[in-house]
> 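This is the structure, below, for whatever I ask next.
What you see is a predicted model; the values in this text were computed from it and never measured.
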Amino acid sequence: MSALLNFFRSEHAQRAFAEVRAEARAEARAETQVEVRAESVLRVLNTRGLEITAEVRERVRACKDPDLLDTWLDRAVTASRAEELFIDG
């Protein structure tokens, strides 16, 4: 038992734990940024008075690609219908 405790108190273990914590924080930040982008897309559509169907809302919130969400945010500014976010080209 003492050897196990010594391992967890070791400098090597503490560095490994710090790396894991840093990675977890970075992942949490990235997830939060994606969620904020998705909500921004929906907010622009809503502010512009466009109808947001359940399908559009679900698709936007399900998207985990920050670049695609940025594209949709740009399109939300000028779209005449919420579904135009998803038109390629």
Side-chain angles (χ1 to χ4, degrees):
M1 182 76 157
S2 177
L4 186 58
L5 287 176
N6 286 337
F7 168 75
F8 285 111
R9 292 179 182 151
S10 72
E11 186 177 328
H12 175 72
Q14 293 302 311
R15 269 184 282 164
F17 293 144
E19 287 178 25
V20 168
R21 283 191 301 270
E23 288 176 17
R25 282 193 300 271
E27 282 183 29
R29 276 193 300 274
E31 288 175 12
T32 299
Q33 288 176 353
V34 164
E35 291 170 5
V36 167
R37 281 184 173 127
E39 291 306 315
S40 294
V41 170
L42 297 172
R43 184 174 182 178
V44 168
L45 294 171
N46 185 60
T47 299
R48 295 191 57 234
L50 300 179
E51 179 184 354
I52 304 170
T53 63
E55 292 82 14
V56 167
R57 188 177 308 279
E58 184 178 318
R59 185 168 176 186
V60 170
R61 286 184 174 155
C63 182
K64 302 303 177 205
D65 181 343
D67 294 330
L68 183 55
L69 287 165
D70 284 343
T71 297
W72 290 349
L73 182 58
D74 292 342
R75 290 178 183 171
V77 174
T78 59
S80 57
R81 292 178 34 245
E83 292 77 12
E84 289 179 17
L85 299 178
F86 312 125
I87 297 172
D88 291 333

> To the nearest 0.5 Å, what is the distance between CG (L69) and CG (D65)?
6.5 Å

> Consider only side-chain heavy atoms of I, L, V, M, F, W and Y, link residues closer than 4.5 Å, and tell whether V77 and L73 are in one cluster.
yes

> Is it the case that one hydrophobic cluster holds both V36 and V41, taking links as side-chain heavy atoms less than 4.5 Å apart, direct or via other members?
no

> Check whether any side-chain N or O of R37 sits under 3.5 Å from a backbone N or O of D70 as a donor-acceptor pair, and report yes or no.
no

> In Å, rounded to the nearest 0.5 Å, how long is the span from CG of L68 to CZ of R75?
7.5 Å

> Under a 3.5 Å distance rule, please check whether R48 uses its side chain to pair with a backbone N or O of A76 as donor and acceptor.
yes

> Taking R21 as the fixed residue, which of E23, R25, E19 is the one that meets the side chain to side chain contact (heavy atoms under 4.5 Å, CB included) rule?
R25

> Please report the closest heavy-atom contact between L50 and A82, naming both atoms and the distance.
CD1-N, 4.4 Å

> Quick one: do R15 and E11 make a salt bridge, cutoff under 4.0 Å?
yes

> Could you state the interatomic distance from CZ (R57) to CG (N46), rounded to the nearest 0.5 Å?
7.5 Å

> Salt bridge check: are E39 and R61 linked by an N-O gap of less than 4.0 Å?
yes

> Atom CD of E83 and atom CD of E51: how far apart are they, to the nearest 0.5 Å?
7.0 Å

> For residues F86 and V60, determine if any side-chain heavy atom of one lies less than 4.5 Å from a side-chain heavy atom of the other.
yes

